[in-house]
Amino acid sequence: MILEESFYSRATVQVASDLIGCLLVRTLDLDGKRQRLAGVIVETEAYGHADDPASHACKGMTRRNEAMFGRVGRSYVYFTYGSHHCLNVSARSPEAAAGAVLIRGIEPLEGVEEMNRFRQVGDMRLLASGPGRLTQAMQITLDHNGVDMTDPRSGLCILGGSKRSVAATARIGITKAAERPWRFVDPQSPFLSRKARSYS
DNA sequence: CGCTCGATATTCT
DNA sequence: GAATATCGAGCGA
């Protein structure tokens, strides 16, 4: 079942937690045919609005972060550190003005060989565990910023999955308000990066 | 293992 | 000019 707007129209932190165990699906044309790349989401982080100093939206809307203020269930893709893309889904309760969930890692499930063509790793645990690795494996770029992830035709969507164990931890890779327990992982997944595991 | 560092777009000061 | 929601290479123990 594809996740609808109603799923994303709830508190950002709640959505981030509920996304653990769901299936991230990317469809693209590869070698002249339709290819499905998919994996189970095992690591997410919630980012808020003015109340969250670590959020890109904390200082208001810019050209880059406008997807965090738009309709929920849209992708927010940004380019950072001069070399990496990161994928978020906009999600917030109706009374909030902005919010998104950073998808930090998946367990590769479908199209594993095709994903590894873009990554060239020997250890499958390094294929898509980490926000930059995930976007490289799934070929997600700024071209996919603002797409409707509740529409299966957009090439990027999330399907509901089976329940998994979920643990809340501090957020990673930030200095402001990092102590908030807004990062969620499936602690039993063998596909967490070593760094991701060390923070669990 | 663990630590340091370079790459370098976007935003903010 | 400085900081950043990252990654991987290179180095030393």
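Computed from a prediction, not measured in an experiment: that's the story for all the values here. All chains are named by letter (A, B, ...) in the order of the sequence lines, taking the proteins before the strands, and each is independently numbered beginning at 1.
Between A:His144 and A:Arg26, the side chains place a donor N or O and an acceptor N or O closer than 3.5 Å (distance only, hydrogens not considered). Side chain to side chain, A:Arg74 and A:Ser90 fail the donor-acceptor criterion of an N or O pair below 3.5 Å.
Among the heavy atoms of the strands lying under 4.0 Å from A:Gly82 is at least one base atom, whether or not backbone atoms are also near. At a threshold of 4.0 angstrom between heavy atoms, the contacts of A:Ser83 include nucleobase atoms, whether or not backbone atoms are also involved. Among the heavy atoms of the strands lying under 4.0 Å from A:Leu102 is at least one base atom, whether or not backbone atoms are also near.
Look at A:His56 and you'll find a side-chain N or O under 4.0 angstrom from OP1 or OP2 of C:dA5. Phosphate contact (OP1/OP2 of B:dC12, side-chain N/O of A:Arg64, threshold under 4.0 Å): absent. The side chain of A:Thr175 places an N or O atom within less than 4.0 Å of a non-bridging phosphate oxygen (OP1 or OP2) of C:dT4. Between A:Lys176 and C:dA3 there is no side-chain polar atom (N or O) within less than 4.0 angstrom of OP1 or OP2.
The side-chain contact (heavy atoms from CB on, under 4.5 Å) test with A:Asn88 is passed by exactly one of A:Val77, A:Leu102, A:Thr44, A:Asn65: A:Leu102.
A distance-only check finds no donor-acceptor pair linking the side chain of A:Ser129 to the backbone of A:Leu192 [under 3.5 Å]. Side-chain atoms of A:Arg180 never come within 3.5 Å of backbone atoms of A:Ala46 as a donor-acceptor pair (strictly under, hydrogens ignored).
Whole-Å rounding puts the A:Asn88 CG to C:dT6 C1' distance at 14 Å. Protein atom CG of A:Leu134 is 9 Å distant from nucleotide atom P of C:dC7, rounded to whole Å. Separating the CG atom of A:Asp52 from the P atom of C:dA5 is a distance of 10 Å, rounded to the nearest angstrom. Separating the CD atom of A:Glu43 from the C1' atom of C:dA5 is a distance of 11 Å, rounded to the nearest angstrom. For the pair A:Tyr76 OH and C:dA5 C1', the computed distance is 9 Å after rounding to whole Å. A:Tyr78 places its OH atom 14 Å from the P atom of B:dC12, with the value rounded to the nearest Å. Regarding A:His84, its NE2 atom lies at a distance of 11 Å from the C1' atom of B:dG6, rounded to whole Å. The separation between A:His85 atom NE2 and C:dC7 atom C1' is 13 Å, rounded to whole Å.
Heavy atoms of other residues, nucleotides or ligands lying less than 6.0 angstrom from CZ of A:Arg125 number 12 at most. A 6.0 Å sphere centred on CD of A:Glu113 holds no more than 12 heavy atoms belonging to other residues, nucleotides or ligands. By the neighbour-count criterion of 12 heavy atoms within 6.0 Å, atom CZ of A:Arg34 is densely surrounded, having more than that number from other residues, nucleotides or ligands.
Between A:Phe79 and A:His85, the ring planes are tilted. Angles from 30° to 60° get that label.
Of the candidate nucleotides B:dT13, C:dA5, C:dT4, C:dT4 has the atom nearest to the side chain of A:Thr80. Closest to the side chain of A:Lys59, out of B:dC12, B:dA9, C:dC7, is B:dC12. With B:dC12, C:dT6, C:dA5 as the candidates, the nucleotide lying closest to the side chain of A:Ser55 is C:dA5.
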Using a cut-off of under 3.5 Å, enumerate the N/O to N/O pairs linking the protein to nucleotides 8-11 of chain C.
unit_1	atom_1	unit_2	atom_2	d
C:dG8	OP1	A:Arg119	NH1	2.7
C:dG8	OP1	A:Arg119	NH2	3.0
C:dG8	OP2	A:Arg133	NE	2.8
C:dG8	OP2	A:Arg133	NH2	2.9

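Salt bridge A:Glu110/A:Arg36: present, at least one basic N to carboxylate O contact under 4.0 Å.
When the C1' atom is used for both C:dG8 and B:dT10, the distance is 22 Å, rounded to whole Å. Remark: the separation of the P atoms in C:dA2 and B:dG6 is 15 Å, to the nearest Å.
Contacts of A:Arg117 classified as side chain to side chain contact (heavy atoms under 4.5 Å, CB included), with partners at least two apart in sequence or in another chain: A:Leu30, A:Asp31, A:Glu114.
Applying the 3.5 Å distance criterion, the base of B:dA9 shares no donor-acceptor pair with the side chain of A:Tyr81.
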- Secondary structure of DNA chain B per the Watson-Crick/G-U criterion (both distances under 3.5 Å; [ ] crossing, | other strand, . unpaired) is |||||||.||||.
